[in-house]
Amino acid sequence: MAADETAPAPRGKVTITEIARRAGVSVPTVSRVVNGRSDVSPATRARVEDLLRLHGYRKRPAALPSRAALLDLVFNNLDSPWAVEIIRGVEEAAHAAGAGTVVSAIHGRTGDAREWMRNLRARASDGVILVTSALEPPLHEQLRILGVPLVVVDPMGSPAFDTPTIGAANWSGGLAATEHLLSLGHRRIGLIAGPPRLLCSRARFDGYRAALEAAGVALDESLVVPGDFHPESGFTGCNALLDLAEPPTALFAASDQMALGAIEALRRRGMRVPEDMSVVGFDDLSEVRWSAPPLTTIRQPLADMGQLAVRTVLRLARGERPDSPRVELGTELVVRASTAPPAPAP
């Protein structure tokens, strides 16, 4: 016969871990109730307090040290240098705060997300940093019930109003990239866009369009081709633009990796950068400083975003509120050797 979950343990012997298991919540949630913290839902607090009374739990002396915080860092995929920069920032800030991190990838699959949720519950994480991904509403609700704070980095869309988000100024970055090419004299400027489901992709496209409109250049839909932020789509997109009857003289790729793929497409056609086509990327990954030629790009503060995410989720875990529910860190144009005025007409 299964053990009775409500049967009291010998008085003074029950642990927070046992209370958490019986209540169906995380260890940090029970700890918050024990310490009188306010960041626990009334229903959860009542359930935990009932179990504490039932089992005669006695709080340990305050002189004993508490365990180090543990944070979950969750990506959709981990196959990009972009992800490495986020991880670097998270690790630096977590180490400075004495916290540990667990890195996971859920690959956009429901089964993987549910398995991650089971593991999260077992290891009693103190907070979750979700990077450019999305959880099904039931899993998001489980986080809320468990009392595990959540911060979203570079959100896919508009998250729940009570979820803090950290991103970059993607619109102004797209604007700056396009304005730079316009200032050099380019008027036919191609765009290899990111996935339209992503908020950052739409913002970069809107910045590109706004710069053209401000310069009196009509948006030519044939100069906008789809991409997925990976080099292969940059290669394919650039070839599609070069096959036009009137190809662009400059190209804005919405990620550095797509820009590198585009440069390879140009090389294979015997074309030179920037003499035959100027190319601008977005991210400022470390590798683009050593590309041939070094890439002009928009610097996105990826490591800083990771660091701020850690500081924000730890504040939430302490029951504090962030200064702002939505933070956008600034982007910056970095001019290198991949851009120049268009070649004179023959």
Side-chain angles (χ1 to χ4, degrees), residues 76-85 132 154 168 170 173-178 180-181 184 186 188-209 211-212 219-244 246-300 302 331 333-340 342:
N76 189 35
N77 291 294
L78 286 167
D79 57 354
S80 167
W82 179 92
V84 173
E85 287 297 305
T132 313
D154 207 12
N170 290 289
L175 182 80
T178 311
H180 170 65
L181 294 170
L184 293 172
H186 295 280
R188 287 187 61 78
I189 301 172
L191 171 67
I192 304 178
R197 71 183 187 280
L198 299 182
L199 189 63
C200 62
S201 299
R202 300 196 297 271
R204 293 171 198 179
F205 171 74
D206 288 343
Y208 161 83
R209 179 170 54 190
L212 293 178
L219 175 66
D220 184 342
E221 296 285 355
S222 71
L223 295 180
V224 180
V225 296
D228 61 8
F229 290 154
H230 295 291
E232 295 81 3
S233 67
F235 182 87
T236 302
C238 184
N239 277 318
L241 292 170
L242 292 173
D243 288 338
L244 294 174
E246 187 181 355
T249 62
L251 173 62
F252 168 36
S255 79
D256 282 351
Q257 288 197 297
M258 292 197 301
L260 294 178
I263 289 173
E264 177 60 17
L266 291 163
R267 186 191 67 80
R268 293 192 189 185
R269 294 202 183 203
M271 299 177 68
R272 301 164 301 165
V273 177
E275 291 86 353
D276 299 312
M277 184 178 288
S278 289
V279 179
V280 178
F282 199 111
D283 286 329
D284 196 26
L285 302 175
S286 59
E287 63 196 83
V288 304
R289 303 171 194 176
W290 310 105
S291 61
L295 183 67
T296 295
T297 189
I298 299 297
R299 177 175 294 154
Q300 184 175 197
L302 297 169
T331 51
L333 174 69
V334 180
V335 179
R336 298 192 179 101
S338 68
T339 51

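Residues Ile192 and Gly237 share a closest heavy-atom pair of CD1-C, 4.1 Å. Of all heavy-atom pairs spanning Phe229 and Ala254, the tightest one is CE2-O, 3.5 Å. The shortest heavy-atom contact between Ile263 and Ala292 is CG2-O, 4.0 Å.
A donor-acceptor pair is defined here as one N or O able to donate and one able to accept, closer than 3.5 Å; such a pair exists between the side chain of Ser338 and the backbone of Val279. Not one N or O on the side chain of Thr297 forms a donor-acceptor pair closer than 3.5 Å with the backbone of Arg299. The main-chain N or O of Pro196 is found under 3.5 Å from a side-chain atom of Arg202 such that the two form a donor-acceptor pair. Using modelled atom types, one side-chain atom of Arg336 and one backbone atom of Leu295 make a donor-acceptor pair closer than 3.5 Å. Side chain of Thr236 to main chain of Ser233: no donor-acceptor pair is present (N/O by atom type, distance under 3.5 Å, no hydrogens or angles). Using a distance-only test at 3.5 Å, with no hydrogens or angles considered, no donor-acceptor pair links the side chain of His186 to the main chain of His180. Side chain of Thr331 to main chain of Gln300: no donor-acceptor pair is present (N/O by atom type, distance under 3.5 Å, no hydrogens or angles).
Applying the side-chain hydrogen bond (donor to acceptor under 3.5 Å, both in side chains) rule to Glu232 yields no partners; only residues at least two apart in sequence or on another chain are considered. With sequence neighbours excluded, the residues that form a salt bridge (Lys or Arg N to Asp or Glu O under 4.0 Å) with Arg188 are Asp220, Glu246. Legend: residues meeting side-chain hydrogen bond (donor to acceptor under 3.5 Å, both in side chains) with His230, ordered by chain and number and at least two apart, are absent.
At a threshold of 4.5 Å between non-hydrogen side-chain atoms, the residues Phe252 and Thr296 do not count as touching. Looking at heavy atoms from C-beta onward, Phe235 lies out of side-chain contact with Leu260 at the 4.5 angstrom threshold. Counting only heavy atoms from C-beta outward, the side chains of Tyr208 and Leu219 approach each other to under 4.5 Å. Side chains of Leu223 and Pro248 form a contact here, defined as non-hydrogen atoms less than 4.5 Å apart.
Classification of Arg267 and Asp276 as a salt-bridged pair fails, no side-chain N sitting under 4.0 Å from a carboxylate O. Using a cut-off of 4.0 Å between Lys/Arg side-chain N and Asp/Glu carboxylate O, Arg289 and Asp256 are scored as not salt-bridged.
No hydrogens or angles considered: nothing links the side chains of Asp283 and Ser255 as a donor-acceptor pair under 3.5 Å. Residues Thr339 and Ser278 have side chains that never bring a donor and an acceptor to within less than 3.5 angstrom of each other.
Here Leu242 contributes atom CG and Met277 contributes atom CE; the two are 4.5 Å apart, rounded to the nearest 0.5 Å.
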